[in-house]
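Everything below concerns the one structure shown next.
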2 protein chains.
Amino acid sequence: MATEIDPIAQFRLPVTKERVFRAAIAVADAGGIDALTMRKVADELDVEPMSLYYHVANKAAILDGMVEALVNDIEDAVGRLDPLPDTADWKTALRRRILTARDVMLRHRWAPALFESRTDVGPATMRYFDTVLGLLRQGRFSFDLAHHALHALGSRVLGFTQELFESDDEQSDEQSMAALEQMADQLPNITQMMMEIAPHARNDPESTLGYCDDQAEFEFVLDLILDGLERIRDTA
Amino acid sequence: MATEIDPIAQFRLPVTKERVFRAAIAVADAGGIDALTMRKVADELDVEPMSLYYHVANKAAILDGMVEALVNDIEDAVGRLDPLPDTADWKTALRRRILTARDVMLRHRWAPALFESRTDVGPATMRYFDTVLGLLRQGRFSFDLAHHALHALGSRVLGFTQELFESDDEQSDEQSMAALEQMADQLPNITQMMMEIAPHARNDPESTLGYCDDQAEFEFVLDLILDGLERIRDTA
DNA sequence: ACCTGAACACCGTTCAAGT
DNA sequence: ACCTGAACACCGTTCAAGT
């Protein structure tokens with residue numbers, strides 16, 4: 001039963017679920033999540049759009065698969081880290097894992113919004129949370145407090161927070177700064193804050209709202225939460 | 001120059017920006033954010049789809065307007081609360097404001113995802129943050145710490161956290177529970193947690209992952225953050 | 001088993017035109 | 001000033017058919 005072989009198909013890698021997800025990630029990396037269409041993913045794989053439906057049920061399945069693929073990337077990145085000394089405590093291990101997750105996320109700016117839009121949690125994500133839960137348990141957290149901890153960390157455990165003030169690339173910082181100055185009388189506190197903690201930022205188009213360092217803020221809040229959890233553990 | 005009057009139009013309210021936003025909110029309340037199309041919003045206003053473009057630039061402007069409308073709803077709800085005694089501290093005031101915001105959010109389940117997807121911050125939202133900043137300043141926070149505090153609270157200041165484990169209505173809890181049991185060997189910690197802190201939940205289809213109380217978790221984490229901030233303020 | 005072509009229903013939006 | 005009809009480009013997806 002020698003199956004006929006498509007003369008073009010034999011010169012390209014066969015389509016698989018995994019390759020569909022990776023192609024989708026490449027499309028999103030290149031053009032943002034709005035550019036992610038079935039037709040573009042198919043293009044990326046050198047295949048007709050309808051072929052995708054042989055491998056995945058629909059677009060939602062691709063979005064779910066992208067999330068799982070990125071969680072696997074995080075787990076791989078954590079695996080490549082130098083092993084921690086036996087003396088390392090839970091906070092060190094968890095903190096390092098979370099900042100590694102953040103490294104992965106920073107390479108896919110569209111990912112946070114995608115993660116938060118999904119409602120189905122896949123097996124890779126489940127295992128990720130199970131591992132984090134294990135770290136907390138090693139840190140002598142009760143299941144009850146560990147459960148609270150997962151809620152407290154939220155998406156931060158995967159290395160991101162969805163910033164409400166995220167500036168998109170369309171609107172320049174000069175523009176938002178100008179809009180802000182126009183409302184100065186209605187925003188007495190924000191205006192004063194801008195002047196006090198970042199007078200230099202008024203002409204610095206590099207920084208988000210003129211004065212935020214996302215990485216520093218991420219770590220500040222992360223430590224606030226980790227320290228708060230530790231304190232609760234030790235006083236309970 | 002007596003303008004002709006459309007005999008149908010005179011029996012319906014004139015379309016305005018505000019009415020477009022309110023109609024969009026009604027559509028999303030009824031059918032979720034995916035059901036929000038220009039055509040459905042127009043239907044809601046008893047008007048042709050193309051008429052909307054006379055009042056708003058595009059769909060993105062409607063989404064931005066919906067966010068602003070909800071922020072105004074929050075501010076109104078806060079305004080309707082009994083005034084706090086003069087002795088009330090910053091934490092009481094901020095906590096109450098945030099839980100009031102949450103009440104509004106709970107009436108619009110699609111709103112959290114929408115809020116997080118927007119990148120332009122409108123004037124009402126700006127004023128909201130300015131007010132929160134004012135509360136922190138009254139609590140003797142430096143601008144620097146108050147700024148950190150806004151990051152630490154994140155979307156929580158508007159009454160929501162985007163739960164990664166949010167169960168959608170399609171997939172029943174029995175289903176996710178069954179999927180979880182099937183992976184039990186790969187999820188030793190989660191499995192044990194489920195058995196330990198919520199053995200009763202295994203047959204309780206009412207609770208999210210079987211044992212989470214969202215409101216209680218929200219308040220737990222809120223207090224964790226507020227207390228942590230207060231501690232930093234007092235030791236700085 | 002794997003891929004494709006044609007077609008459908010639906011979407012946001014443009015443009016020129018109506019009153 | 002405010003609203004509309006026709007049309008366009010694009011989307012996810014179905015179905016029957018190809019090799």
Side-chain angles (χ1 to χ4, degrees), chain A residues 1-24 27-28 30-66 110 114 117-120 170, chain B residues 1-24 27-28 30-66 110 114 117-120 170:
Chain A
M1 51 180 289
T3 33
E4 300 286 337
I5 293 178
D6 179 339
I8 295 174
Q10 68 178 318
F11 289 112
R12 73 185 173 216
L13 288 169
V15 179
T16 62
K17 266 186 164 57
E18 184 64 20
R19 287 196 70 227
V20 171
F21 302 150
R22 292 297 165 183
V27 170
I33 201 76
D34 285 342
L36 188 83
T37 67
M38 299 301 274
R39 284 159 173 87
K40 286 229 182 86
V41 174
D43 265 358
E44 184 80 17
L45 292 169
D46 229 335
V47 116
E48 294 301 314
M50 297 315 117
S51 305
L52 299 177
Y53 287 89
Y54 184 78
H55 300 277
V56 298
N58 49 36
K59 188 178 180 180
I62 295 186
L63 298 176
D64 286 335
M66 294 166 76
W110 44 268
L114 177 63
S117 75
R118 301 283 81 199
T119 54
D120 283 7
E170 322 282 302
Chain B
M1 52 180 289
T3 33
E4 300 285 337
I5 292 178
D6 180 340
I8 294 173
Q10 69 177 317
F11 289 113
R12 74 185 171 214
L13 289 169
V15 179
T16 63
K17 265 185 165 57
E18 185 64 20
R19 288 196 69 227
V20 171
F21 303 150
R22 291 298 165 184
V27 170
I33 201 75
D34 285 341
L36 188 83
T37 67
M38 299 301 275
R39 285 159 170 89
K40 285 228 183 86
V41 175
D43 265 359
E44 184 80 17
L45 292 168
D46 229 335
V47 117
E48 294 301 313
M50 298 314 119
S51 305
L52 299 177
Y53 287 88
Y54 183 79
H55 300 278
V56 298
N58 48 35
K59 188 178 179 179
I62 295 185
L63 297 176
D64 286 335
M66 293 166 76
W110 43 269
L114 176 62
S117 75
R118 301 283 82 199
T119 55
D120 284 8
E170 321 283 302

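Order of the sequence lines fixes the chain letters, A, B, ..., with proteins taken first and strands second; residue numbering starts at 1 for each chain.
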(message) Nearest 0.5 Å, please: how far is CZ in A:R22 from NZ in A:K17?
(response) 15.0 Å
(message) Identify the stems formed by DNA chain C, where each pair is Watson-Crick or G-U wobble with both distances under 3.5 angstrom and a stem is at least 3 consecutive pairs.
(response) C:4-8 with D:12-16, C:12-16 with D:4-8
(request) Considering non-hydrogen atoms only, spot the tightest contact between A:A24 and A:L36 and give its length. (result) O-CD1, 3.2 Å
(request) Would you name the heavy atoms of B:A60 and B:R118 that are closest together and state the gap between them? (result) O-NH1, 3.3 Å
(message) If I take atom NE2 in residue B:H55 and atom C1' in nucleotide D:dC2, what distance separates them, rounded to the nearest angstrom?
(response) 6 Å
Output a table of nitrogen or oxygen pairs between the protein and nucleotides 9-11 of chain D separated by less than 3.5 Å.
none

(request) Please report the closest heavy-atom contact between B:R19 and B:L13, naming both atoms and the distance. (result) NH1-O, 3.0 Å
(message) If I compare all heavy atoms of A:H55 with all of A:V15, which pair ends up nearest, and what's the gap?
(response) CE1-O, 3.0 Å
(request) Nearest 0.5 Å please: distance from the OG atom of A:S117 over to the CD1 atom of A:I33. (result) 7.5 Å
(message) Which residues in residues 42-54 of chain A have a heavy atom closer than 4.0 Å to any atom of DNA chain C?
(response) A:V47, A:E48, A:M50, A:S51, A:Y54
(request) Hey, could you give me the NZ/CG distance between B:K59 and B:L63, rounded to the nearest 0.5 Å? (result) 6.0 Å
(message) If I compare all heavy atoms of B:F21 with all of B:M66, which pair ends up nearest, and what's the gap?
(response) O-CG, 4.1 Å
(request) Measure the spacing between CG of B:L52 and CG of B:N58 and express it to the nearest 0.5 Å. (result) 11.5 Å
(request) Report yes if some heavy atom in the side chain of B:M38 is under 4.5 Å from a heavy atom in the side chain of B:I62; otherwise report no. (result) yes
